[in-house]
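Heads up, the thing below is written out as structure tokens.
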Number of protein chains: 2
Amino acid sequence: MSVQVNPRKRPVQGRSKETCEAILGAAARILEERGLEAANTNAIAELAGVSVGSLYQYFPGKEAIFAELIRREESGMVERLEALVAGTAGCALEERLRLLVRAGVEQQLARPRLARLLDSVEATLPEDEALRAVERRILDLIRRVLRDHPGEVRRRPSRTTARDVLAMVKGMVDAAGFAGETRPGSLEKRVFLAVLGYLRQPEPRWRAGVVVREALS
Amino acid sequence: MSVQVNPRKRPVQGRSKETCEAILGAAARILEERGLEAANTNAIAELAGVSVGSLYQYFPGKEAIFAELIRREESGMVERLEALVAGTAGCALEERLRLLVRAGVEQQLARPRLARLLDSVEATLPEDEALRAVERRILDLIRRVLRDHPGEVRRRPSRTTARDVLAMVKGMVDAAGFAGETRPGSLEKRVFLAVLGYLRQPEPRWRAGVVVREALS
DNA sequence: GCATGATACGAGTAATTGCTCGCATCCTCA
DNA sequence: TGAGGATGCGAGCAATTACTCGTATCATGC
């Protein structure tokens, strides 16, 4: 019943490493070119130029392949972001946010369809502690930046705020990729504005008595 | 090869309407409770209490069922939103946005997993003119609201701005639903702040000479 | 009530997909 | 160099899934 998402056996020789890479690369290409339904083990093995037997030697099933792709994508991302945060410790909030946004946009726009699909596949996979840890690191990193500039931000540096920021970035970038935007410049600027706007927007002051009559019958 | 997403035959008698509804309801429940992989035609028919033969009488395949679910969801949404915009013609921008956000949040949070899955399924379906039309109506509606309050918004009322707003709302609400948020109040407020912040955030003034040294080796 | 079309049924078939296993080949190291 | 482990192979079986079709039942108009 339950789905196994961990690799079955670690490759030790050089050629088996290549086999694994070929499998992962083929899975990625099929996902982005033909979609999730087309990404079955036979098709992956064939495009990889490898037999199904070899595939199953290293992965217990296609979910494990997807999971490995996600792990690589996410951990590459988080390491880039953490280096960025560490390397801009003295910089202004706007500069740091701009760089973080740029990294996120570039990552997601490099292979938009693949990134989008991996995101949605991730939601269907069983809980993976390694992935949860990476997710936490990203959220913590956002909170750290917010905490470094207390006077400039009106949102609390909570997990919720971090999740909101991450979600709006992902949402906007995914939509842009889907709509065919490929030049990162304009998108990056808009995402940056959105993030900054959310963090700086003051709580609205309720003018007493302003109640909207229900607009629907 | 290509996938047919239009219904095969319109039900004319009452009982066949019920059959169709049962099929659509069962498909929705399987999607939200067991995920996309489990939503095959046999399972849908069984849960609907209907034979596969009956299912295929009205839908050429499972994709057509999903497409119908999406069409209903989207067109229900767009009609609610359009009524809202029309009914608040004289109101302040903030009130109108708040109501729009509320409608979106409530819709998506009513059955978060289903809404999320339908969104990702939609991306894999072939182009459907009816769905593109609904999408356009939503974007136009956002642009109309922006145009109604020219002095209060710093973004152009373009398709891109509308897409950005829609994407950040969807992104935030999806993430919140996935994280287990069920109370709409707090989420609604944060999404509202994000939208307002994006629309009002001024373009940053570049202080000349502020260039960030590359933070990575 | 009966003729006709609409609706429902579900066993059964074709196609797809997941996965195994026995055997061939390659690599490493003593 | 040869023994043993690592790697690769792919035919083929089992399980799943999509879908059809002959038959039975129901609804409606006459």
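What you see is a predicted model, and the numbers here were worked out from it, not measured in a lab. Excluded from the calculations below are hydrogen atoms, water molecules and symmetry mates; all remaining heavy atoms, backbone and side chain alike, are included.
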Please give, in whole Å, the distance from [N] [atom2] to [X] [atom1]?
X       : N      : atom1 : atom2 : result
A:Asn40 : C:dA15 : CG    : C1'   : 13 Å
B:Arg10 : C:dA6  : CZ    : P     : 15 Å
B:Gln57 : D:dA18 : CD    : C1'   : 17 Å
B:Arg15 : D:dT28 : CZ    : C1'   : 11 Å
B:Ile23 : C:dA8  : CD1   : C1'   : 11 Å
B:Gln13 : C:dT7  : CD    : C1'   : 6 Å
A:Phe66 : C:dG18 : CZ    : P     : 9 Å
A:Glu18 : D:dG8  : CD    : P     : 9 Å

If the cut-off is 4.0 Å, is [X] near the phosphate of [N], judged by side-chain N/O to OP1 or OP2?
X       : N      : answer
B:Lys9  : C:dA6  : no
A:Asn42 : C:dT17 : no
B:Ser16 : C:dA6  : no
A:Ser54 : D:dT7  : no
B:Tyr58 : C:dA8  : yes
A:Thr41 : C:dT17 : no

Exercise for the section: Taking only the side-chain heavy atoms of A:Val52 (C-beta and beyond), determine which of C:dT20, D:dT20, D:dG5 contains the nearest atom. Expected result: C:dT20
Problem - Shortest side-chain distance from B:Ser51, nucleotide among C:dA8, C:dA6, C:dT17 - result: C:dA8
What nucleic acid atoms does [X] come within less than 4.0 Å of, heavy atoms only: base, sugar-phosphate, or nothing?
X       : answer
A:Val12 : sugar-phosphate
B:Gly61 : sugar-phosphate
B:Phe59 : nothing

Are the charged groups of [X] and [Y] less than 4.0 angstrom apart, N to O?
X        : Y        : value
A:Glu94  : A:Arg98  : no
B:Arg155 : B:Asp164 : no
B:Arg159 : A:Glu181 : no

Problem - First of A:Gly14 and B:Gly53 reached from the 5' end of DNA chain D, by closest nucleotide - result: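 Result of the comparison: A:Gly14.
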Exercise for the section: Mind listing the closest non-hydrogen atom pair of B:Arg71 and B:Asn6 along with its distance? Expected result: NH1-OD1, 3.9 Å
Completion exercise
On a heavy-atom basis, the closest approach of A:Tyr58 and A:Ser16 is OH-CB, 3.1 Å
